[in-house]
K.L.:
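Structure provided below as structure tokens; questions to follow.
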Amino acid sequence: MTLFPQGAVTAPAFATPTDSPTHHAALNAWVADCAALTQPDRIYWCDGSEAEHDRLVAQCLADGTLIALNPKTAPGSFLHRSNPNDVARVEHATFICSRSKDDAGPTNNWLEPGEAKTKLRTLFDGCMRGRTLYVIPYIMGPVGSPLSKVGIEVTDSPYVVLSMRIMTRMGKAALDQLGTDGEFAPGLHSTGNLDPENRYICHFPEERTIISFGSGYGGNALLGKKCFALRIASVMARDEGWLAEHMLLLELTAPDGERTYIGGAFPSACGKTNLAMLVSPLENRGWSVRTVGDDIAWMRVGPDGKLWAINPEAGFFGVVPGTSLETNPNALHTIERGTIFTNVAVSDDGTPWWEGKDGAASCPYDYLTDWKGNRRNVLDGGEPFAHPNSRFTASAHQCPSLSPHWEDFGGVPIDALIFGGRRDNTMPLVLEALDWNHGVFIGATMGSKTTAAASGQTGVLRRDPFAMLPFCGYHMGDYFAHWIALGESIPDPPKLFAVNWFRKEDGKFLWPGFGDNVRALIWMHERIRGRGNALETPAGRTPLAGSLHMEGLGISPERVARALQVDKVEWFKEADAIAEHFARFGDKLPPELAEELTKLRARLG
Ligand code: OXD
Ligand code: MN
């Protein structure tokens, strides 16, 4: 495999296979190729050990990449401040470089692969001079699982190395899994000089390769996550008949011990981590939720005919602001120690702080140093102290609600899939799809208000099919067709649902959300087992009055009814908006989805 085939490059003397811990010839050749182009001072192969971690941390503390936090209030945790121009995913600078433009489809930016490589070649030329080139072998999925896949990230960022060590199974284990001729997805990354004008996150789906330049932000730089586990893996999944999805995974246990596994697609920063780590207010009634994953699911049909899912990640890269004991105690406990915080604020005693941390209580500090490093009086107002997309990076093992099944080799059997978004109106609290194709229609037409997870305007409604708009590595119309086709090939398919925790009335949320969302999950659990009453509405099935578990819910049945309402006037408008959305896909729109729209209109009358 030659990354930059056009133009000869000569590997420098230090980049010989003998310096490498592997006899994997293609891997050694590729690393040598990267080194020849980028001209680092050193090449370092990461082994994933504790000693390596400690050395890197010491180096990052010395050069200011990391700032030590208070060992009492945040033991083993560090703060990283990114360049203020580099705080989120950059969708405008993210490219699918498929051979044919049509394969990228109308929802992706496309660059012709040769043109992209020429551009990248210029940017990478000598960009690691004076720096170390780190080779990160990593596994997405449990070590040794037949569902796992190996990636190699070459980077010049020690922050990326430390973060990949948390987010993936990294180092020697990955090289062992790869052997001397295993397949891997190559990824080359450099922060370059962080010039936003020269920022390119490029994917070459046919070569399963990622090349990312000019950003150190997680979604652009931790190549195992969005780039491999979603954009490249979605193409692999299409080719091989499985699914790579932007979904949380959770385990719901009923009082009788029966378990339901649920996957949930929500756009970025719409509460996936909160739902995955939900604390059930009905725990004392026997209903509990445990976490399997909070962002990505790889799913394939198992021998029993069900869909089985793994979480390919080993940690959480979550949005910090709003995380409190009230909203997500499990996340708060997860990040009590051993966490890399990026772009949060810090108190004078070195305790990390963010908007919403104190819940209903007031901020205990008079002064805070904001995410840009400016010490300000907390009463001064002005910009938030923590960036709205500030993040925590923490190992899954630190999560108190982690399911004992979270790294089962074969994954967990999926009973339900949820599609959710942030919408002020139209979409009810919970809706059951009439059948598989109707569920795919719901996924394909998901709308949600934009958030700070990507650069650009926030709070505007956009269609984000399957929460995959920024992550699907091929033509979205073909992706819909893949979902439709898969329905026919799963003998025992999961039930499909939509949810909307964010519906508003007079500017206020109708539903309390957070832990109380378990009530919608319980209704799903019942529906999957042929119980739980439902009302047929033109949009799908909603819980019949009295069939949602209401014990301890502090709101009136009338308010719940309004949260569940399917308003025909809103849905007429929705149908028109869906028609407009579908028009983008031209003749790639599967006829089954056009038919679903016709059926929706017919049901509306
Ligand atoms: C994420 C995202 O970081 O979706 O998970 O942006
Ligand atoms: Mn995400």
Side-chain angles (χ1 to χ4, degrees), residues 248-264 266 270-294 316 318 322-336 356-361 399-404 406 415-416 418 420 422 428-432 497-505 508-529 531-533 542-564:
L248 67 93
L249 292 169
L250 65 80
E251 174 188 285
L252 173 72
T253 305
D256 61 5
E258 218 169 359
R259 288 198 303 257
T260 294
Y261 287 96
I262 301 178
F266 294 74
C270 285
K272 282 205 301 298
T273 306
N274 288 350
L275 184 59
M277 297 185 187
L278 178 152
V279 175
S280 164
L282 300 168
E283 187 105 26
N284 61 358
R285 288 275 176 270
W287 290 102
S288 66
V289 170
R290 295 291 176 266
T291 312
V292 177
D294 83 326
F316 308 116
T323 306
S324 72
L325 269 185
E326 282 109 75
T327 59
N328 192 340
N330 284 319
L332 204 68
H333 294 314
T334 303
I335 62 179
E336 266 166 4
K357 181 178 185 182
D358 310 306
C399 176
S401 59
L402 197 63
S403 157
W406 86 283
D415 305 293
I418 309 178
R422 216 178 249 279
L429 175 69
V430 54
L431 187 74
E432 180 191 313
F497 295 89
V499 298
N500 180 18
W501 320 131
F502 301 94
R503 193 158 172 174
K504 282 184 176 169
E505 191 179 76
K508 292 208 180 80
F509 291 117
L510 272 167
W511 178 251
F514 301 106
D516 285 314
N517 294 338
V518 76
R519 300 170 197 276
L521 306 182
I522 293 172
W523 184 70
M524 294 175 197
H525 171 96
E526 299 295 338
R527 294 294 298 162
I528 288 157
R529 286 158 182 83
R531 310 185 293 249
N533 294 323
T542 57
L544 201 61
S547 65
L548 268 192
H549 206 309
M550 298 278 281
E551 194 185 313
L553 180 70
I555 60 170
S556 67
E558 294 71 38
R559 198 170 176 88
V560 175
R562 295 205 297 285
L564 285 169

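In this chain, numbering begins with 1 at the start of the sequence shown.
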K.L.:
List the residues meeting salt bridge (charged side-chain N to carboxylate O under 4.0 Å, His left out) with Arg422, not counting sequence neighbours, and say none if there are none.
P.N.:
none
K.L.:
Side chain of Thr291, backbone of Ala276: donor and acceptor closer than 3.5 Å?
P.N.:
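Here the side-chain-to-backbone pair exists.
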K.L.:
Are Thr542 and Val430 packed together at the side-chain level, in the sense that at least one heavy-atom pair is separated by less than 4.5 angstrom?
P.N.:
no
K.L.:
Using only heavy-atom distances, determine whether the side chains of Ser288 and Ser280 contain a donor-acceptor pair under 3.5 Å.
P.N.:
no
K.L.:
Looking only at non-hydrogen atoms, find the nearest pair between Pro400 and His333 and report the distance.
P.N.:
CG-CB, 3.6 Å
K.L.:
Determine, stepwise, if the pair Phe514 / Glu326 fulfils side-chain contact (heavy atoms from CB on, under 4.5 Å).
P.N.:
CA-CA 9 Å; Phe514 301 106; Glu326 282 109 75; over 6 Å; no
K.L.:
Measuring from atom CG of Leu278 to atom OG1 of Thr273, what distance do you get when rounded to the nearest 0.5 angstrom?
P.N.:
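Nearest 0.5 Å value for the CG-OG1 distance: 12.5 Å.
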K.L.:
Locate the shortest heavy-atom distance separating Leu548 from Trp523; write the atom from each residue and the value.
P.N.:
CD2-CB, 3.9 Å
K.L.:
Quick check for you: to the nearest 0.5 Å, what is the distance between Thr260 atom OG1 and Arg529 atom CZ?
P.N.:
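Here the interatomic distance stands at 3.5 Å.
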K.L.:
Is there a side-chain contact between Glu251 and Trp406 (heavy atoms, below 4.5 Å)?
P.N.:
no
K.L.:
Does the side chain of Leu429 reach to within under 4.5 Å of the side chain of Asn500, using non-hydrogen atoms?
P.N.:
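Leu429 does not reach Asn500 side chain to side chain.
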K.L.:
Report the C-alpha separation of Met524 and Val499 in whole Å, then their side-chain angles, then the decisive distance to 0.1 Å, and conclude whether the side-chain contact (heavy atoms from CB on, under 4.5 Å) test is met.
P.N.:
CA-CA 11 Å; Met524 294 175 197; Val499 298; 3.6 Å; yes
K.L.:
How about Leu250 and Tyr261: do any of their side-chain heavy atoms sit closer than 4.5 Å?
P.N.:
no
K.L.:
Is there any salt bridge (charged side-chain N to carboxylate O under 4.0 Å, His left out) pair reaching into residues 542-556, and which pairs are they, with sequence neighbours excluded?
P.N.:
Arg285-Glu551
K.L.:
For Pro281 versus Asp516, what's the shortest heavy-atom pair and its separation?
P.N.:
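The answer is CG-OD1, 3.6 Å.
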K.L.:
At what distance, to the nearest 0.5 angstrom, does CD of Glu558 lie from CG of Leu510?
P.N.:
12.5 Å
K.L.:
Run the numbers on Glu526 and Arg531 for salt bridge (Lys or Arg N to Asp or Glu O under 4.0 Å), then give the verdict.
P.N.:
CA-CA 5 Å; Glu526 299 295 338; Arg531 310 185 293 249; 2.6 Å; yes
K.L.:
Donor-acceptor pair, Ser547 side chain versus Asn533 backbone, under 3.5 Å?
P.N.:
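Between the backbone of Asn533 and the side chain of Ser547 there is a qualifying donor-acceptor contact (under 3.5 Å).
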K.L.:
What closest approach, in Å, do Gly359 and Ser324 show between heavy atoms, and which atom pair accounts for it?
P.N.:
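In terms of heavy atoms, the two residues are closest at N-CB, 4.1 Å.
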K.L.:
For the side chain of Arg259 and the backbone of Thr253, is there at least one donor-acceptor N/O pair under 3.5 Å apart?
P.N.:
no
K.L.:
Could you grab the distance from atom CG of Leu332 to atom OG1 of Thr327, nearest 0.5 Å is fine?
P.N.:
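Going from CG on Leu332 over to OG1 on Thr327, the span is 7.5 Å.
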K.L.:
Can any side-chain N or O of Asn328 pair as donor or acceptor with the backbone N or O of Ala331 at less than 3.5 Å?
P.N.:
yes
K.L.:
Taking only residues two or more places apart in sequence, or in another chain, which ones meet Arg559 in a salt bridge (charged side-chain N to carboxylate O under 4.0 Å, His left out)?
P.N.:
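If we apply the salt bridge (charged side-chain N to carboxylate O under 4.0 Å, His left out) test to Arg559, skipping adjacent residues, there are no hits.
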K.L.:
What I'd like to find out is whether the side chain of His525 reaches to under 4.5 Å of the side chain of Glu258, using heavy atoms alone.
P.N.:
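The answer is yes, as the side chains (C-beta and beyond) meet within the 4.5 Å cut-off.
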K.L.:
Once you round to the nearest 0.5 Å, how far does CG of Asn330 lie from CG of Leu402?
P.N.:
10.0 Å
K.L.:
How about Asn517 and Trp511: does a side-chain donor come under 3.5 Å of a side-chain acceptor?
P.N.:
yes
K.L.:
Kindly compute the distance separating CZ (Phe509) from CH2 (Trp501), expressed to the nearest 0.5 Å.
P.N.:
13.5 Å
K.L.:
Taking all atoms of both residues into account, what is the closest heavy-atom pair of Cys270 and Phe502, and its distance?
P.N.:
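Of all heavy-atom pairs spanning Cys270 and Phe502, the closest is O-CZ, 3.6 Å.
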K.L.:
Find out whether Val279 and Ser401 are in side-chain contact, i.e. whether some heavy atom of one side chain is under 4.5 Å from a heavy atom of the other.
P.N.:
no
K.L.:
When you compare the side chain of Ile418 with that of Phe266, does any pair of heavy atoms fall below 4.5 Å?
P.N.:
yes
K.L.:
What are the two closest heavy atoms between Met550 and Pro557, and how far apart are they?
P.N.:
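Nearest heavy atoms, Met550 then Pro557: CE-CA, 4.0 Å.
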